[in-house]
Structure formats: C-alpha cells, structure tokens
Amino acid sequence: MAKVQKIKGFADLFPDEAAKYTFMESCAREVFSRYGFGELRTPILEKTELFQKSIGEDTDVVGKEMFTFPDRKDRSLTMRPEATAGVVRAFIESKIHQPGNVSKFFTFGPMFRYERPQKGRQRQFHQIDAEIFGADEPQADAELILMLTSFLNRIGLKNLTVEINSLGCHECRPAYKQALVDYYHSKDKANFCEDCRRRMETNPLRVLDCKVPTCKELVQDAPVITDHLCPDCEAHFADVRAVLDGAKVAYTLNPRMVRGLDYYVRTCFEVTSNDIGSQTAVAGGGRYDGLVRNLGGPDCPGTGFACGMERLALLLDDIAPEAPDFYLAVVDQEASNEAMLFAQALRKKGLSGEVSFAGGSMKSRMRAANKSGAKTCLIMGGSELADETITVKDMAGNREQETLDRKLYLASL
RNA sequence: GUGGGUGUAGCUCAGUUGGUAGAGCACCUGGUUGUGGCCCAGGUGGCCGUGGGUUCAAGUCCCAUCACUCACCCCA
C-alpha cells in the first residue's frame, strides 16, 4: 500500500519541537497580558476579498502566495496568509469600537502561504500577533516595540537587531514617491533588474530593498523617506524614538526598510537575526491607520506586529521535558491490571509517570525506566513478591530500594 | 515560479575502476551488575526513493519521476 504523506511545506511537530511552541505561546500570554492585551481567536479561513482589500492586490502575498479555493457554493475562500486582516475584520464586525477608546488584542496560530519551503519558511507557519486599535499616538507604536522586545527577551533570545523607519503618511508619502521616481528616471533604466523596472512604476518604495547588487548600488544615493516627512510625521517618529531611547531599547534606523504589505504608514519596524539561514526577519510590524476604514469600519487608527514562530524556534534551545515522578514496571501479565489502577491512585495524588505494559524482558523494562528519567522506579508483580506489596527503588546514584505494603506506600505520599 | 544538493537498516552514514550490501548508534535475547546505567556474547532488521534504459551483470552508468533540503524571489 502506498503511504499517504503530508503536504509539502506542512510539518508535524513532535513533542520536542511542540514544546518550543507551547513555551513561546505561554510566554506571549504572560508578557502581553501585562500590557493589557486580550487574546482574540479568529478563523483560519476568510473570504478572499478580505486579503485583496487589506494586503493589496499588487503584493506578492496576494498575487501568488495564497491558498485560495472555491467552497461548495463557489465562493472564493482563502487560508489566512497573515493575522492582521482577520483581526481588523473581527474588530470592525464586533462594533466594540467607540471613538476615543483603545482596544488591544493578541492572537496566534497557523498562517498559510504557497511559497517554496526552505529554512525558516513553511507553507503552514505560525505567528504571534498583537494589534492596538484607536491610538494614533507614537507611544502606541513604541509600546508595541517595548512589548515585543520584552517577549523576545523573556524567551531567552539575544543577538537580535531592531530596525525602525517611518514610511510617512498619505500627506507626505506621495511627494516622496515622486522624488524617488524622478531619481530613478535620472538613471539609466537598463541598469535596474527586470522586477525593479516594473516596481518603480507600481511600487517605487520596493525598489529600495531590492537585493540585486546593481540595484543596490543605484539606490545608494536615492532620496530617503526620513528627509521627506511632513512635520506631523517627523514629530510622530521623533516621539517613537524618544520612548525607545528612554527605555534603553537598542535599535537602528533603516531609512530603506519598506514593508511588503500595502497598508503600512508611518512607523514600521523589524526584528532580525543572522542565525536563521538566509531568512533574517523574525518579527515585523508597523502602523496601518487607514486599514480599518478601508475594510468598511470606522475611521480608527491601528498599529501592530507579528513574529514568526518557526524562525524563533530555530533560535531556541531544546526544552528539557519535566522528569516524571515514577515509572511503574510490571513484572508479569497477572499484575498488569493492578498496576494500572495503582498508577491511577498515584496520579490522583498529583504524581506523574507511566506504567510499563507487560511485554518484553524485565531488563528492557528497567532500561525504559532509566530512560524515562523517572525519580523513582516502582515494581509490581513477580513470584517472589507478595501480593499487596510494591518495591520502591530510588533511581539516583545510591539506588536504594525497599519493598512495602501498597496502601502504606500510598498513604506515605 | 527558477536554480543547486541529497535520497542505502529505526537514526547517522560507508560502499572503492559496474560483480545481487556494510559500520556505529538504537532495538531484541543471553551473561555480568542487588531487577536499570558500564562491560561481554549473540541476534532481528535493507524491492539501495520509484519507474524505465544500457549491460552477461546496476546501490554504482543514462533518462524520467517523486520526496527531502538549501538558495533566489518574497516575507514573519
């Protein structure tokens, strides 16, 4: 029989790996709740138009990376490729927004993008995501960065770089875009790569972070956004930096950083690592003031970030499972049922451990006991052992053991 | 979507100029050890990814295909 195998880019996480994800999630809950964020869970499947309207038709994500398919009534559905769109949709639909109020949510779970898998990139991947609605203040952006770095610190990661930039707003970005286009036109078009020649018309900002060496060189002297910010954006960005400076968060300014999703304005940021293969971004985010309105909601500002759990997991050390309290070795079939019941009694007392099933030799069972890392090995059954008794063996160096009455042993715990 | 690399035992890998397969670890059995860790002896286990082709003969050469992997691209 041919075996059915998993879909490309979809992974099974066995206990060692799953433990890392559980760890990250519990740290996120712990840290984020300290900042007043509440957990929000949204559906994995959404109407395709949600992503077209929010992420942008011209982005790679929407253009060629979505898992999109019709349902039984021929409506186009899409497995969410990122979290923000769904969170915004839920926020709007809930009608919880009141002018002047602030809402903070975090969420995590699987996201889906149809890309070629490689190190730090799966088709089903997982993000931890946080969003703030209703605050256009720069302090909201700064708070997100503080919370994000606290979280990364909490899970024990070092050697990460925080980069920030401002993308301007609807007032000043058009002028900057024009300045960029003018700059490109002053150069010989043929020197740009094919993608950039297209991008300088459709999305001039993207040319800035093209990785083709010739493009990089051409872009070296291009005007930078931070020189073209309007006074409001300038002041906004200055305040974000001031909070970060005050909190002593190390960051670098990267005026060439742009974001892949269309909805970002003003503050944007990225956290990168050099230790995860060719990928570098472990987290990214920014402000999206027009998005809520674009999706049919009130005129409500928003800002948020997402971090990639697969990439963080690459940086995490292995998490040692907690050693069980006991391993109950059953000597013969006759004692098996008794052993199961006795183990239940131990667990009711709050102890953890497993019972050997009766197959195999005593030697292999003792090996299993040793391998399990249990603090105590319990032995039941066997002709030389009287009924109602249990042998208790210390698995540490001195390996002392004694045989006693089961009821007395239970009572002594 | 485009490139490169790799597919041999449960795992990590050897396999020489083509002659129907090996090691270590793991596992099992026995011995020793207070019934486990160390040690000793033995043992189970491989359509050599799949399908074609060349050849007297293919793990080894050729073609195709699938899978995994790294990178481009893009992003978290």
Side-chain angles (χ1 to χ4, degrees), chain A residues 2-3 5-9 11 24 55 58-66 81-84 108-130 148 152 160 193-196 199 203 206 209-213 257-261 264 269-273 276-286 304-315 327 329-332 356 359-374 376-385 391-403:
Chain A
K3 57 188 166 193
Q5 35 191 332
K6 65 176 182 284
I7 303 169
K8 185 197 285 286
M24 287 188 271
I55 299 171
D58 189 51
T59 59
D60 282 357
V61 171
V62 171
K64 50 189 186 189
E65 295 174 358
M66 296 204 301
E82 57 106 37
T84 303
F108 35 66
M111 311 290 160
F112 305 84
R113 290 184 199 173
Y114 197 95
E115 301 180 274
R116 198 78 169 268
Q118 67 188 69
K119 189 169 187 180
R121 195 173 83 183
Q122 292 284 307
R123 287 184 176 180
Q124 176 179 332
F125 59 104
H126 299 76
Q127 288 190 337
I128 296 175
D129 179 271
L148 175 58
L152 295 171
L160 297 175
C193 73
E194 198 183 321
D195 284 332
C196 284
R199 283 193 285 232
N203 197 344
R206 300 233 44 123
D209 70 346
C210 181
K211 278 155 195 156
V212 176
M257 178 173 63
V258 300
R259 312 254 58 226
L261 313 182
Y264 288 110
F269 54 93
E270 220 166 76
V271 181
T272 59
S273 164
I276 51 173
S278 77
Q279 314 295 332
T280 57
V282 298
F305 68 77
C307 43
M309 297 178 76
E310 276 71 14
R311 294 178 187 180
L312 295 177
L314 288 173
L315 297 168
Y327 182 94
V330 184
V331 179
D332 50 32
S356 75
S361 65
M362 194 56 198
K363 185 170 186 167
S364 66
R365 278 196 287 278
M366 290 309 290
R367 274 188 196 150
N370 198 49
K371 220 163 86 177
S372 77
T376 306
C377 180
L378 304 173
I379 301 164
M380 280 176 70
S383 50
E384 62 272 31
L385 285 177
T391 299
V392 182
K393 180 168 189 141
D394 180 15
M395 296 298 276
N398 54 6
R399 53 180 179 173
E400 283 169 22
Q401 71 175 57
E402 56 181 335
T403 298

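Naming convention: chains lettered A, B, ... in sequence-line order (proteins, then strands); numbering from 1 in each chain. Keep in mind it's a predicted model, so treat the numbers as computed, not measured.
G7(B) is paired with C66(B) under the Watson-Crick or G-U wobble criterion, all donor-acceptor distances under 3.5 Å. With a 3.5 Å ceiling on both atom-pair distances, G37(B) lacks any Watson-Crick or G-U wobble partner. Judged by Watson-Crick or G-U wobble contacts below 3.5 Å, the nucleotide C61(B) has G53(B) as its partner. The partner of G42(B), taking Watson-Crick or G-U wobble pairs whose two distances both stay under 3.5 Å, is C28(B). Using Watson-Crick or G-U wobble geometry with both donor-acceptor distances under 3.5 Å, U17(B) finds no partner in any strand shown. Using the Watson-Crick or G-U wobble rule with both distances under 3.5 Å, U2(B) pairs with A71(B). Pair check for A23(B) finds U12(B); Watson-Crick or G-U wobble, both atom distances under 3.5 Å.
Between the CZ atom of Arg367(A) and the P atom of G36(B) there is a distance of 9 Å, given to the nearest Å. Between the CE atom of Met366(A) and the P atom of U32(B) there is a distance of 17 Å, rounded to whole Å. Atom P of nucleotide G37(B) and atom OH of Tyr327(A) are separated by 14 Å, given to the nearest angstrom. Per the geometry, CE belonging to Met66(A) stands 17 Å off P belonging to G1(B), to the nearest Å. Across the protein-nucleic acid pair, Asp394(A) atom CG and G37(B) atom C1' stand 14 Å apart, rounded to whole Å. What separates CD of Gln5(A) from C1' of U65(B) is a distance of 13 Å, to the nearest Å. Atom CZ of Arg365(A) is separated from atom P of C27(B) by 15 Å (rounded to the nearest Å). Rounded to whole angstrom, the span from the NZ atom of Lys6(A) across to the P atom of C66(B) amounts to 17 Å.
Using P as the reference atom, U8(B) and U69(B) are 14 Å apart when rounded to the nearest Å. Comparing G49(B) with C13(B), their P atoms sit 15 Å apart, to the nearest whole Å. Comparing the same atom, P, in A9(B) and in U50(B) gives a spacing of 10 Å after rounding to whole Å. Going from the C1' atom of U55(B) to that of G42(B) covers 41 Å, rounded to whole Å. The same atom, P, is picked in U60(B) and in G18(B); the two are 11 Å apart, to the nearest Å. Nucleotides G15(B) and U32(B), compared at atom P, are 41 Å apart to the nearest Å. Straight-line distance between the P atoms of A41(B) and A23(B): roughly 14 Å, to the nearest whole Å. Taking atom P in both G1(B) and C38(B), one finds a spacing of 50 Å when rounded to whole Å.
For Lys363(A) and G31(B), a side-chain-to-base donor-acceptor distance below 3.5 Å is present, hydrogens and geometry of angles not being considered.
A donor-acceptor pair is defined here as one N or O able to donate and one able to accept, closer than 3.5 Å; such a pair exists between the side chain of Arg365(A) and the backbone of Val331(A). With hydrogens and angles ignored, the 3.5 Å screen pairs a side-chain donor or acceptor of Arg311(A) with a backbone N or O of Ala281(A). Judged by distance alone, the side chain of Ser356(A) and the main-chain N or O of Val330(A) form a donor-acceptor pair under 3.5 Å.
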Letter per nucleotide, 5' to 3', of nucleotides 70-76 of chain B [B base touched, S only sugar-phosphate touched, - untouched; heavy atoms, 4.0 Å]:
SBBBBBB
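To the nearest 0.5 Å, atom OG1 of residue Thr59(A) and atom CD of residue Glu82(A) are 9.5 Å apart.
If you check every strand for non-hydrogen atoms under 4.0 Å, Lys8(A) touches sugar and phosphate atoms only.
At least one side-chain heavy atom of Pro110(A) sits under 4.5 Å from a side-chain heavy atom of His126(A). Counting only heavy atoms from C-beta outward, the side chains of Glu310(A) and Ile276(A) never approach each other to under 4.5 Å. Counting heavy atoms from C-beta on, the side chains of Phe269(A) and Leu148(A) come closer than 4.5 Å.
Both Gln401(A) and Lys371(A) lie close to RNA chain B; mapped to their nearest nucleotides by heavy-atom distance, the more 5′-ward contact belongs to Lys371(A).
In this structure, Arg123(A) satisfies the cation-pi test against Tyr114(A), with its NZ or CZ atom closer than 6.0 Å to the six-membered ring centre and inside 45 degrees of the ring normal.
Heavy atoms only, all atoms of each residue included: Tyr264(A) and Gly286(A) are closest at CE2-N, 3.4 Å.
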